[in-house]
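Notes for the one structure printed next.
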Amino acid sequence: MRKILALILILAALNIPAYAVNLPDKDIFIIYTNDVHCGIDDHIGYDGLAYYVKQMKESNPYVTLVDAGDAVQGDTVGAISHGRYIIELMNFLSYDIAVPGNHEFDYGWGQFENFVKNLKCGYLVCNFREIATNKLVLPPYKILNYGKVKVAYVGICTPETMVKSRPMTFMDEHGKFIYDFDGESTGKKLCASVQKAADDARAAGADFVVAVGHLGEYEDIMTEWSSPFIIANTRGIDVLIDGHSHEITPSLKIKNLDGREINITQSGTKLMRIGQVVIHTDGTITTGLIDKVDGKDPDTDNLIQDIRKRYEGTLKSHLAYTSFDLLAVDDKGEWLVRDGETNLCNLAADGGLYAAKETKTGRADIALINAGAIRKNIKAGEITYNEALSVQPFGNTLGLYEMSGQTIIDELEFGARLIPNRFGGFLHVAGLTYTINEKIPTPVKLDDHEQFIGIEGERRVSDVLVNGQPIDPNKKYIVSGTDFVIRGGGDGHVFKDAKLIERDFMVDTDVFAHYIKSLGVIPERYSKSQNRIKFVK
């Protein structure tokens, strides 16, 4: 390689797989990405990735490009095209293997079907199935040939997808799940599906099996659905390329059921690094990360610039002005919105009340917004549509719902269940205030999908007031909120008696943009906490 400025390859030699019939006549290079999250020209960028792959192919025909999920969502370029521009770029780079992450489902079932149809390499998942028929939705594995050697790629998608995307994507019109990711709490069903795919690939002639998982390792991941757990409870996998938890893992060795040490590798997020797996001619496998590439592929760069030109006019339009920062994260990049009140969340929630005035119903008593919907700060100065879109990039639609005060109380309790730890399902509010007592253990009970079942024990949430008056558990209130949280069960919320009054009246980004444009200048009251959420430490 002539033009690699820095190459971090942590060698992790494994025992030669006992299953291998053939060994490669040349090293097989598997270049991978994970959790790009629309970072098309961040850090190394897709143009740097394309340059690196082309350089590799100049000296070796055995080069494969793999993605481990969460490519289409996470920034403006994805939100404004509902992921379509990212699929266009992945096709241009000629990805060979792809596994959907939870966020590939964020734009709904119809758009996911478009991804499946339009992504030339297709998607692989061995644990995504129709519940009624038990049939897999997508192929479980794909075998690629490298001379006489056959390498199988097995796709795995986290069962967390059921609540960390849009749950309604996987439901019928009655709110009943019709799809599953083998997500029962012991992990046995998930491991069995992975094992079957590996065994079937071996039976089809695979000399090596590479698992490509959107699973995660340790950070905020349920152990029984994590990549180390999968390796520890299966056999026949030679290496696992991972994603989902954004960890920087050149090599993590985990013993499988046969006692073999298997490497797990993950490259972080936003193309800060790209990953590399090498199957050597002696059958050993090494993994590592590349943190810098010294060139850019001009054709890929031209496509990126062309994509940006398609929508930049809209993004530059002026909406409002703020004399102070509006916050989602702190100076270290840690989420402020997921364990406390912020001015940006208050502003966004107030937008939900404001937008309700323009519906047929004409009002809402309360607006709710989940912390995970708010993604970026807005700095003091001019606020453009681009910044509004970056704050709420998911394109969730708002609806009006009628529900009991008791349901609202229960869902506030669910949202507070992990405090003082951070949680994307933590609820920010307008028209309502409440208190969380952190000293009381959470009384929330969950099912196998980590969805809310009920309350058993003393509640953490108290002093719930609607427009200054104690909430009435038996009264019906009109609530403005997104389909993701209320109708779709996002983050595990279950609004049990919520009755849809008015559906999909506006997209969340446009709600926010419309509200701040009406203000012109963000009022001083948003410069500090409004004590909508109080904490007993």
Side-chain angles (χ1 to χ4, degrees), residues 37-43 45 73-81 85 269-272 304-305 307-355 357-358 367 369-396 398 422 424 426 428-430 482 506-533:
H37 283 295
C38 297
I40 59 175
D41 53 5
D42 292 346
H43 307 292
Q73 169 277 339
D75 212 330
T76 305
V77 65
I80 206 163
S81 69
Y85 291 149
T269 185
K270 290 277 187 179
L271 291 172
M272 294 178 68
I304 291 171
Q305 299 312 314
I307 287 172
R308 292 207 180 281
K309 287 178 182 177
R310 296 177 204 174
Y311 61 84
E312 64 183 5
T314 300
L315 298 180
K316 291 179 180 178
S317 59
H318 172 84
L319 296 176
Y321 177 84
T322 177
S323 61
F324 44 85
D325 293 345
L326 299 165
L327 299 176
V329 298
D330 64 17
D331 293 339
K332 297 180 180 179
E334 300 290 338
W335 293 112
L336 295 171
V337 298
R338 299 191 178 199
D339 61 355
E341 179 182 341
T342 80
N343 56 356
L344 181 55
C345 286
N346 288 343
L347 188 65
D350 285 350
L353 283 184
Y354 180 81
K357 296 177 182 179
E358 300 184 12
I369 185 168
N370 63 306
I374 304 296
R375 309 301 284 193
K376 282 191 177 181
N377 292 348
I378 293 179
K379 293 183 178 180
E382 181 187 30
I383 305 175
T384 64
Y385 185 77
N386 182 35
E387 289 170 304
L389 189 58
S390 297
V391 168
Q392 293 181 281
F394 299 108
N396 293 311
L398 266 71
R422 298 183 178 97
F426 180 63
H428 294 272
V429 294
T482 64
M506 198 178 291
V507 176
D508 55 3
T509 298
D510 291 334
V511 167
F512 182 66
H514 187 49
Y515 180 54
I516 62 175
K517 187 173 183 178
S518 74
L519 295 172
V521 176
I522 306 303
E524 189 66 25
R525 65 178 181 271
Y526 290 107
S527 67
K528 54 189 176 181
S529 173
Q530 297 179 21
N531 291 317
R532 300 184 187 187
I533 308 171

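Quantities reported herein were computed from a predicted structural model and do not represent experimental measurements.
- Annotation for Ala367 and Ala349: closest pair CB-O, 3.3 Å, computed over non-hydrogen atoms.
- In this structure the side chain of Ile369 never reaches within 4.5 angstrom of the side chain of Thr482, judged on heavy atoms.
- The side-chain heavy atoms of Phe324 and Asn343, taken from C-beta on, include a pair separated by under 4.5 Å.
- Rounding to the nearest 0.5 angstrom, the gap separating the CD1 atom in Ile304 from the CG atom in Asp41 is 5.5 Å.
- We find the CG-OG distance between Asn377 and Ser390 to be 11.0 Å, quoted to the nearest 0.5 Å.
- A donor-acceptor pair under 3.5 Å is formed between the side chain of Glu387 and the backbone N or O of Thr384.
- Taken to the nearest 0.5 Å, the CG atom of Asn396 stands 7.5 Å off from the CG atom of Asn370.
- Between Asn346 and Arg525, every side-chain heavy-atom pair lies at or beyond the 4.5 Å cut-off.
- Checked by atom type and distance alone, the side chain of Arg375 never pairs as donor or acceptor with a backbone atom of Pro393 at under 3.5 Å.
- At least one donor-acceptor pair under 3.5 Å links the side chain of His428 to the backbone N or O of Val337.
- Across every non-hydrogen atom of Leu353 and Ala430, the tightest pair is CD1-CB, 3.6 Å.
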How far apart are the C-alpha atoms of Leu315 and Ile80, what are their side-chain angles, what is the distance that settles it, and do they pass the side chain to side chain contact (heavy atoms under 4.5 Å, CB included) test?
CA-CA 9 Å; Leu315 298 180; Ile80 206 163; 3.7 Å; yes
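- Across all their heavy atoms, His318 and Tyr321 have their closest contact at CE1-N, 4.4 Å.
- Rounding to the nearest 0.5 Å places NE2 of His37 at 12.0 Å from CG of Asp42.
- Annotation for Asn531: atom CG counts as buried by contact number, over 12 foreign heavy atoms lying within 6.0 Å.
- The pair Asp350-Arg532 meets the salt-bridge criterion, since a charged nitrogen lies less than 4.0 angstrom from a carboxylate oxygen.
- Judged by distance alone, the side chain of Asp325 and the main-chain N or O of Lys379 form no donor-acceptor pair under 3.5 Å.
- When side chains are defined from C-beta on, Leu519 counts as touching Leu347, because their heavy atoms get closer than 4.5 Å.
- Here the side chain of Asp330 pairs a donor or acceptor atom with the backbone of Lys332 at under 3.5 angstrom.
- Residue Arg338 comes nearest to Gly372 through the heavy atom pair NH2-CA, 3.8 Å, listed as atom of the first residue, atom of the second, then distance.
- A heavy-atom distance below 4.5 Å is found between the side chains of Ile383 and Leu326.
- Ring-plane geometry between Tyr354 and Tyr515 is classed as tilted, the angle between the planes lying from 30 to 60 degrees on a 0 to 90 degree scale.
- To the nearest 0.5 Å, atoms CG (Leu319) and OG (Ser518) are separated by 10.5 Å.
- The shortest side-chain heavy-atom distance between Phe426 and Glu341 does not fall under the 4.5 Å cut-off.
- With values rounded to the nearest 0.5 angstrom, Leu344 atom CG is found 11.0 Å from Tyr526 atom OH.
- Results of the side-chain contact (heavy atoms from CB on, under 4.5 Å) test with Cys345 over Leu336, Ile374, Val429 single out Ile374 as the only residue that passes.
- Taking all atoms of both residues into account, the shortest heavy-atom contact from Tyr385 to Thr509 is OH-CG2, 3.9 Å.
- Within the 3.5 Å criterion, the main-chain N or O of Ile522 finds no donor-acceptor partner in the side chain of Thr322.
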